[in-house]
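These notes concern the structure reproduced below.
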Amino acid sequence: MINKILNQDVQKYINANLNTDLHSLLLKKSPFPEVSMQEIVQQIKGKQVAQKKFPFLLKEGIIFPPQLNLEQSSSEKTAHYKSGILKGKKFIDLTSGFGIDAYYLSKNFEEVTLIEQNTDLLEIVENNWKILERKARFINQKLEDFLNQNKETFDVVYLDPARRDQNKNKVFLLEDLSPNILEIQEKLLSISDEVVIKLSPLIDLKYLVSVLKNIFRIDIVALKNDVKEIVVFLSNKNSGEIICNCVNLENGESAFTFTFGEEENAHAEYGEPEKWIYIPNHSILKAGIFNLISERFGLKKLHPNTHLYTSNEKIEEFPGRILEVEIVDNKQVKKKSQFNIISKNYPLKPEEIKKKYGLKDGGESYLIFTQSKKGKIILKSV
Ligand SMILES: C[S@@+](CC[C@H](N)C(=O)[O-])C[C@H]1O[C@@H](n2cnc3c(N)ncnc32)[C@H](O)[C@@H]1O
């Protein structure tokens with residue numbers, strides 16, 4: 001199939017239809033007897049996705065897999081972040097998929113092995129890596145079979161388990177992933193001192209720590225404040241506390257680093273809203289370090305269930321949004337005025353608030369509907 005798709009005329013047709021409506025294209029007959037319209041649309045879709053998600057693949061000769069494999073791939077940006085953490089001699093990705101992670105993560109290694117059970121997908125990756133001038137050993141096998149036969153050791157073993165069950169629903173428990181990490185974790189640690197696993201942002205961190213042995217680091221990776229991945233690092237050498245990094249890529253912020261023990265021992269100070277209000281980034285919220293944030297930055301928390309913080313002095317290095325605010329009452333919220341509405345620990349959702357007060361969405365100003373220890377409050381940015 002690869003050679004047929006790479007035929008010059010087929011490629012010309014694909015490039016000429018990059019902006020064509022794909023539904024109407026699918027209704028047409030393919031102009032090429034040996035390539036179906038579905039295969040052509042798959043390539044167009046791939047190029048469209050690549051523009052945003054992996055622009056490094058917008059090259060002549062690159063082939064794209066079906067949509068599910070595109071969706072399951074990491075983005076170039078998160079893969080690039082992970083590549084900065086890992087180095088060594090021998091790298092193995094046991095769940096290659098479309099190979100985006102493998103391409104980036106193996107940059108600082110001399111010998112690279114990719115395992116993938118899907119034959120067609122691995123063929124596509126092999127073709128693409130040739131175009132990208134990257135060498136690897138490509139093994140089309142179930143990773144469990146590979147692990148049973150394998151006698152080698154590696155500096156880093158990487159896995160990004162498939163997150164869909166047989167009904168193609170998304171799943172978030174480790175035992176529902178493919179492969180089942182809980183079943184193979186000991187085997188993995190017997191062939192490497194560093195095992196790195198990418199997991200869904202929806203996975204619960206406390207659950208992870210309770211079921212996975214030898215975790216020494218967890219990174220919560222967000223891109224522009226949208227949490228994309230939880231990356232777990234396991235090691236035999238692990239002895240101390242688990243280090244957790246909250247990362248927000250593309251916002252020019254440095255990572256917020258803590259240990260779980262620190263949060264357990266931290267105490268939040270509570271207070272009513274002062275001049276500045278702080279809204280933590282999503283990676284911080286995912287980490288659940290609500291007391292530590294108050295303690296580290298010397299900020300008061302508004303309420304045990306309101307994850308908003310406040311101070312009179314501005315703390316610039318806070319990992320999140322900072323707004324200068326004043327308290328307003330119901331009557332000061334004028335009908336038809338325009339605000340970005342934020343609802344935190346408040347009984348109404350932004351949509352309901354908009355309706356109730358007759359507000360318009362957008363503009364430069366913010367209205368925060370929330371609760372302090374004294375009760376419900378409305379804060380307006382100044
Ligand atoms: C989420 S995708 C990996 C995406 C990849 N990290 C990337 O950035 O392109 C997971 C892949 O693991 C493969 N996989 C799942 N279970 C496997 C198993 N037991 N043996 C080999 N491959 C497996 C799936 O076929 C799928 O292609």
Side-chain angles (χ1 to χ4, degrees), residues 1-26 28 30-32 34-86 91 93 95-109 112 114 116 118-136 138 158 160 162-163 198 221-224 226 228-229 247 249-252:
M1 118 91 161
I2 290 180
N3 286 341
K4 289 176 192 164
I5 292 282
L6 287 177
N7 170 292
Q8 266 193 356
D9 292 333
V10 177
Q11 285 294 311
K12 259 192 206 154
Y13 186 82
I14 289 169
N15 288 329
N17 283 287
L18 288 182
N19 298 317
T20 308
D21 174 59
L22 298 185
H23 295 290
S24 53
L25 207 56
L26 272 173
K28 286 190 185 166
S30 166
F32 310 100
E34 55 308 340
V35 183
S36 72
M37 200 45 116
Q38 252 134 347
E39 287 168 323
I40 287 171
V41 166
Q42 178 177 315
Q43 297 311 308
I44 297 176
K45 188 99 210 155
K47 286 187 189 234
Q48 288 173 348
V49 172
Q51 271 168 9
K52 277 200 172 160
K53 208 169 167 184
F54 11 81
F56 79 106
L57 289 181
L58 292 171
K59 269 188 165 188
E60 212 174 295
I62 294 287
I63 300 275
F64 293 95
Q67 184 149 353
L68 178 64
N69 305 120
L70 295 175
E71 280 171 17
Q72 285 187 332
S73 308
S74 285
S75 74
E76 184 175 330
K77 285 174 182 152
T78 55
H80 181 256
Y81 166 74
K82 286 173 279 183
S83 77
I85 307 171
L86 305 172
F91 173 90
D93 185 339
T95 55
S96 156
F98 189 33
I100 306 295
D101 276 329
Y103 178 80
Y104 277 92
L105 269 59
S106 65
K107 276 193 167 167
N108 300 321
F109 293 81
V112 180
L114 269 59
E116 172 55 54
N118 178 334
T119 311
D120 294 344
L121 185 56
L122 195 64
E123 258 173 37
I124 289 177
V125 178
E126 211 169 337
N127 167 78
N128 292 352
W129 281 43
K130 231 176 253 153
I131 302 286
L132 297 164
E133 295 179 0
R134 283 287 293 280
K135 287 206 169 70
F138 300 90
Y158 180 73
D160 172 9
R163 295 207 285 258
K198 173 185 150 185
V221 185
L223 184 62
K224 292 188 178 149
D226 186 7
K228 298 283 186 197
E229 331 185 327
V247 182
L249 303 175
E250 301 227 316
N251 275 38

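Here the structure is a predicted model, which is why all the values come from computation and not from measurement.
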Listed partners of Lys224 passing salt bridge (Lys or Arg N to Asp or Glu O under 4.0 Å), at least two apart: Glu250
Can you name the residues that form a salt bridge (Lys or Arg N to Asp or Glu O under 4.0 Å) with Glu34, not counting sequence neighbours?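 Not a single residue meets the salt bridge (Lys or Arg N to Asp or Glu O under 4.0 Å) criterion with Glu34.
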Might you point out which heavy atoms bring [X] and [Y] nearest each other, and give the distance in Å?
X: Val221; Y: Tyr81; value: CG2-CE2, 3.8 Å
X: Leu58; Y: Ala50; value: CD2-CB, 3.8 Å
X: Tyr13; Y: Met37; value: OH-CE, 3.4 Å
X: Ala79; Y: Leu105; value: O-CD1, 3.5 Å
X: Gln42; Y: Pro66; value: NE2-N, 3.3 Å
X: Ser30; Y: Ser36; value: CB-C, 4.0 Å

Please tell me if the side chains of Ile44 and Leu25 come closer than 4.5 Å, counting only heavy atoms from C-beta onward. yes
Would you say the side chain of Leu70 lies within less than 4.5 Å of the side chain of Phe54, judging by non-hydrogen atoms? yes
How long is the span from the [atom1] atom in [X] to the [atom2] atom in [Y], to the nearest 0.5 Å?
X: Asn17; Y: Ile40; atom1: CG; atom2: CD1; result: 8.0 Å
X: Asn7; Y: Ile2; atom1: CG; atom2: CD1; result: 14.0 Å
X: Gln51; Y: Lys53; atom1: CD; atom2: NZ; result: 14.5 Å
X: Met1; Y: Glu39; atom1: CE; atom2: CD; result: 5.5 Å

Quick one: side chains of residues 122-130, donor-acceptor pairs under 3.5 Å with protein atoms, not counting sequence neighbours, listed by atom name and distance.
{"unit_1": "Asn127", "atom_1": "ND2", "unit_2": "Gly61", "atom_2": "O", "d": "3.0"}
{"unit_1": "Asn128", "atom_1": "OD1", "unit_2": "Ile63", "atom_2": "N", "d": "2.9"}
{"unit_1": "Asn128", "atom_1": "ND2", "unit_2": "Ile63", "atom_2": "O", "d": "2.9"}

Quick check: are there more than 12 heavy atoms from other residues, nucleotides or ligands sitting under 6.0 Å from CG of Asn19?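 Atom CG in Asn19 is not packed in, count stays at 12 or less.
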Is the backbone of [Y] close enough, under 3.5 Å, to the side chain of [X] for a donor and an acceptor to pair up by distance?
X: Thr95; Y: Asp160; answer: yes
X: Glu229; Y: Ala222; answer: no
X: Ser96; Y: Glu116; answer: no
X: Gln38; Y: Leu26; answer: no
X: Ser75; Y: Thr78; answer: yes
X: Glu76; Y: Phe56; answer: yes
X: Lys82; Y: Lys198; answer: no

Test of understanding: with side chain to side chain contact (heavy atoms under 4.5 Å, CB included), list the residues that count as partners of Asn15, not counting sequence neighbours. Leu18, Lys47
Applying side chain to side chain contact (heavy atoms under 4.5 Å, CB included), can you list everything that pairs with Asn3, at least two apart in sequence or on another chain?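 Expected list: none.
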Run Leu86 and Asn108 through side chain to side chain contact (heavy atoms under 4.5 Å, CB included) and show every step you take. CA-CA 7 Å; Leu86 305 172; Asn108 300 321; over 6 Å; no
Listed partners of Ser83 passing side chain to side chain donor-acceptor pair (under 3.5 Å), at least two apart: none
Can you spot which of Tyr103, Tyr104, Phe109 makes a ring-ring contact (aromatic ring centres under 6.0 Å, His included) with Phe91? Phe109
For Ile131, which of Leu6, Ile62, Leu57 qualifies under side chain to side chain contact (heavy atoms under 4.5 Å, CB included)?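 It is Ile62; the other options fail the test.
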